[in-house]
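Please read these numbers as outputs of a predicted model, since none were measured by experiment.
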There are 2 protein chains.
Amino acid sequence: MNDIKQFLRSNALRPTKQRIVIAGYLFDGTDKHVTAESLSTELAKRKHIISLATIYNTLHDFYENGLLKKLTLSADRVYFDTNTDDHHHFYSEKEQFLIDINKNIKVNGLPKTPKNKKINKIEVIVHLDK
Amino acid sequence: MNDIKQFLRSNALRPTKQRIVIAGYLFDGTDKHVTAESLSTELAKRKHIISLATIYNTLHDFYENGLLKKLTLSADRVYFDTNTDDHHHFYSEKEQFLIDINKNIKVNGLPKTPKNKKINKIEVIVHLDK
DNA sequence: TATCAGTTTAGAATGATTCTAAAGTGTTGA
DNA sequence: TCAACACTTTAGAATCATTCTAAACTGATA
Ligand SMILES: [Mn+2]
Ligand SMILES: [Mn+2]
Ligand SMILES: [Zn+2]
Ligand SMILES: [Zn+2]
């Protein structure tokens with residue numbers, strides 16, 4: 001808890017009650033993939049009612065500080081990923097199934113990068129099911 | 001134009017005025033990536049005013065019939081792709097930049113597929129810029 | 001402890017997409 | 001040919017994730 005406060009401070013984030021609760025949940029050592037909605041639900045189960053606006057604000061604050069990654073897998077919700085290492089995913093849209101691929105993946109046979117652009121990130125999504 | 005009618009009929013789609021215009025634009029031989037909005041704009045330039053509802057309906061009809069692929073690259077718009085071959089993309093969120101990678105890409109080092117699931121598709125997105 | 005910038009929040013607004021239901025049209029069998 | 005009907009189009013309303021607004025609140029600082 002004091003760890004969490006320090007953690008937030010060290011990221012230039014004021015350790016408010018809400019951020020402490022959210023960070024405590026997100027960074028408990030288990031990698032997680034959350035949406036604003038799923039996070040709200042999880043916190044509510046733990047009797048922590050935090051407004052959706054704050055949940056959005058906080059997810060974005062954390063994201064902007066590099067504490068979370070953002071995943072665009074579906075058109076109608078944004079996932080945030082507590083695993084900030086370079087990694088890839090198994091994903092099932094139907095089942096809302098999302099699993100990290102932490103193994104080192106190599107993508108071979110890429111054509112040359114378009115003129116005047118540079119590669120920021122290579123993302124591999126392994127879609128499961130039909 | 002009669003080709004287009006036949007094309008639509010052969011896909012169990014009634015060749016209405018609107019679908020003929022849309023198919024005529026989409027399947028002109030050039031691969032395209034469109035959103036409902038961008039398609040509407042392009043058609044309007046060509047003096048074809050078609051309601052957005054119909055544009056959405058038609059994109060989905062074409063998609064359901066395998067004439068288009070759907071791409072989820074950004075949380076706030078869906079792209080449809082006239083290139084229905086297996087392929088990948090260069091993508092720049094900032095510049096709305098989207099280019100096909102038709103070369104054969106190989107993804108090596110995947111861990112084993114989760115129990116009782118099977119791989120539907122492997123998608124590689126090469127994000128450009130920061 | 002006063003002050004103030006930073007934060008939270010309810011509720012309104014936004015915007016892509018979907019839905020509704022009424023009017024229009026392509027197809028077809030007689 | 002054409003009536004009949006299933007399929008399609010459309011305006012406008014609804015949905016829903018997300019963002020915005022502006023007022024109340026709170027952590028940091030001296
Ligand atoms: Mn949506
Ligand atoms: Mn949106
Ligand atoms: Zn992940
Ligand atoms: Zn493509």
Side-chain angles (χ1 to χ4, degrees), chain A residues 1-2 4-25 33-44 47-65 67-68 70-80 93 96, chain B residues 1-2 4-26 33-44 48-65 67-68 70-80 93 96:
Chain A
M1 156 83 170
N2 268 7
I4 296 176
K5 284 192 182 181
Q6 275 323 304
F7 171 73
L8 289 169
R9 283 207 191 85
S10 71
N11 281 285
L13 292 165
R14 209 179 266 197
T16 64
K17 293 193 204 55
Q18 295 78 193
R19 284 174 177 164
I20 290 168
V21 165
I22 295 175
Y25 170 72
H33 301 102
V34 303
T35 62
E37 203 57 45
S38 78
L39 177 54
S40 172
T41 301
E42 283 309 312
L43 297 179
K47 309 300 180 198
H48 291 118
I49 305 303
I50 297 178
S51 76
L52 256 190
T54 296
I55 286 180
Y56 277 105
N57 288 341
T58 304
L59 287 171
H60 287 134
D61 293 341
F62 287 4
Y63 171 68
E64 245 110 61
N65 283 278
L67 305 179
L68 294 173
K70 199 190 293 193
L71 300 178
T72 303
L73 299 167
S74 153
D76 48 13
R77 55 195 149 358
V78 172
Y79 287 92
F80 289 90
E93 166 131 51
Q96 305 268 115
Chain B
M1 155 83 169
N2 267 9
I4 296 176
K5 285 191 182 181
Q6 276 322 304
F7 170 74
L8 289 169
R9 283 207 190 83
S10 72
N11 282 284
L13 292 166
R14 212 178 263 195
T16 64
K17 294 193 203 55
Q18 295 80 187
R19 283 174 177 164
I20 290 167
V21 165
I22 295 175
Y25 170 73
L26 289 178
H33 302 102
V34 303
T35 62
E37 203 57 44
S38 78
L39 177 53
S40 172
T41 301
E42 283 309 311
L43 297 178
H48 291 118
I49 305 303
I50 297 178
S51 76
L52 256 190
T54 296
I55 287 180
Y56 277 105
N57 288 341
T58 303
L59 287 172
H60 286 133
D61 293 342
F62 288 3
Y63 171 69
E64 244 110 59
N65 282 279
L67 305 179
L68 293 173
K70 201 189 292 194
L71 300 178
T72 303
L73 299 167
S74 153
D76 49 10
R77 57 197 128 46
V78 171
Y79 286 93
F80 289 90
E93 167 133 52
Q96 305 269 113

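Atoms CD (B:Q96) and C1' (C:dA16) sit 14 Å apart, rounded to a whole Å. Between the NZ atom of B:K5 and the C1' atom of C:dT25 there is a distance of 12 Å, rounded to whole Å. B:D76 places its CG atom 8 Å from the P atom of C:dT17, with the value rounded to the nearest Å. What separates CD1 of A:I4 from C1' of D:dG27 is a distance of 17 Å, to the nearest Å. At whole-Å resolution of the value, CG in A:L39 and P in D:dT18 are 12 Å apart. Rounded to an integer number of Å, the gap from B:I22 CD1 to D:dT10 C1' is 13 Å. Atom pair A:I50:CD1 and C:dT9:P shows a separation of 7 Å (rounding to whole Å applied). Protein atom CD of B:E37 is 11 Å distant from nucleotide atom C1' of C:dT17, rounded to whole Å.
Using a distance-only test at 3.5 Å, with no hydrogens or angles considered, a donor-acceptor pair links the side chain of A:T41 to the main chain of A:E37.
One axis for each end of the helix from C:dT1-D:dA30 to C:dA30-D:dT1, each built from five base pairs, and the angle between them comes to 30° at 10° resolution.
Here the CD atom belonging to A:E42 is positioned 13.0 Å from the CD1 atom belonging to A:I22, to the nearest 0.5 angstrom. For the atom pair CG (B:L39) and NE2 (B:H48), the distance works out to 12.0 Å, reported to the nearest 0.5 Å. Here the CG-CZ distance, from B:L26 to B:F80, works out to 10.0 Å after rounding to the nearest 0.5 Å.
Near DNA chain D, meaning a heavy atom under 4.0 Å from it, residues 51-62 of chain A has A:A53, A:Y56, A:H60 in order of number. Of the residues in residues 11-20 of chain A, A:R14, A:T16, A:Q18, A:R19 come within less than 4.0 Å of DNA chain C through at least one heavy atom, sorted by number.
Side-chain contact between A:R19 and A:D61 is present, with at least one heavy-atom pair separated by less than 4.5 Å. At least one side-chain heavy atom of B:L71 sits less than 4.5 Å from a side-chain heavy atom of B:H33.
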Please output the side-chain donor-acceptor pairs of residues 5-15 of chain B that fall under 3.5 Å, not counting sequence neighbours, one pair per line with the distance.
residue: B:S10; atom: OG; partner: B:Q6; partner atom: O; Å: 3.3
residue: B:S10; atom: OG; partner: B:F7; partner atom: O; Å: 2.7
residue: B:N11; atom: ND2; partner: B:F7; partner atom: O; Å: 2.9

Just list the side-chain donor-acceptor pairs under 3.5 Å for residues 50-59 of chain A, sequence neighbours left out, or say none.
residue: A:S51; atom: OG; partner: A:T54; partner atom: N; Å: 3.1
residue: A:S51; atom: OG; partner: A:T54; partner atom: OG1; Å: 3.0
residue: A:N57; atom: ND2; partner: A:A53; partner atom: O; Å: 3.3
residue: A:T58; atom: OG1; partner: A:T54; partner atom: O; Å: 2.7

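Closest non-hydrogen pair, B:T72 versus A:S74, comes out as CG2-C, 3.3 Å.
With sequence neighbours excluded, the residues satisfying side chain to side chain donor-acceptor pair (under 3.5 Å) with B:Y79 are B:R77.
Within 6.0 Å of OH in A:Y63 there are 12 or fewer heavy atoms belonging to other residues, nucleotides or ligands.
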